[in-house]
Amino acid sequence: GFNCRMHSILLGELLTAAGIYNRFVCCQPADKNNDPDCHVVNIVWLPELNKWAMIDSDMHEYVTDDNGIPMSLEEMRNALIEDKEFNIKSFDGFKIDKEYLKAYWTKNLYYFSNYGTYGYSLEDDTVEHDSNELFFYLYPYNDIKNCGKINDRLYITNDKEAFWAKPNL
């Protein structure tokens with residue numbers, strides 16, 4: 001079956017085909033050695049709000065603030081750090097366990113990874129991609145000693161402004 005990564009890749013390709021700028025992002029726990037579980041979701045650029053919004057096609061949910069405005073992964077993480085509530089909403093026709101999802105998000109919003117650019121077939125080894133296309137990891141500020149390019153494809157950073165920057169539309 002399809003897992004969260006496959007759901008996110010499929011949704012990402014469909015959104016891209018519809019002209020909607022998005023990326024799929026891997027949300028990962030702090031203890032990567034003892035907890036290999038992660039979760040992959042899409043972030044969609046909302047030009048009318050000048051921000052990213054998270055959409056989870058695997059768990060059938062999205063998150064809003066108290067005003068009903070869709071939240072980004074960064075906003076969700078900040079809300080958890082500041083012990084603020086956020087609203088987990090289900091897609092029409094789906095039932096979700098909000099307590100389970102809040103615990104799951106609390107565990108998996110420690111660090112993030114995604115491709116620096118978005119396009120079709122990013123994870124298809126039979127498709128040739130731009131050699132400058134990097135895969136980025138965003139770690140919390142105090143969690144890493146060495147930021148920068150690790151090899152030809154991997155870059156580690158704690159620069160959240162660059163990681164969550166507005167896309168080049």
With sequence neighbours left out, write down each residue that passes salt bridge (Lys or Arg N to Asp or Glu O under 4.0 Å) with D66, or none if nothing qualifies.
->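 Here no residue qualifies.
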Which pair of heavy atoms, one from D37 and one from N108, lies closest together, and at what distance?
->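 Distance-wise, the nearest heavy atoms are O-OD1, 3.5 Å.
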Do K51 and W164 come within less than 4.5 Å of each other through their side chains, counting heavy atoms only?
->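 The answer is no, as the side chains (C-beta and beyond) never meet within the 4.5 Å cut-off.
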Neighbour count above 12 (heavy atom, 6.0 Å) for E99 CD = no
Please check: side-chain N/O of [X] versus main-chain N/O of [Y], any donor-acceptor pairing under 3.5 Å?
X    : Y    : value
D58  : H7   : no
N67  : I69  : no
S8   : F24  : no
K107 : K102 : no
D31  : D35  : no
K89  : Y62  : no
R5   : V40  : no

Can we call the ring centroids of F86 and W105 under 6.0 Å apart?
-> no
Indicate if I81 and Y110 have the same hydrophobic cluster label, given that clusters are the connected sets of ILVMFWY residues with side-chain heavy-atom separations under 4.5 angstrom.
-> no
Under a 4.0 Å N-O cut-off, is there an ion pair linking D65 with K84?
-> no
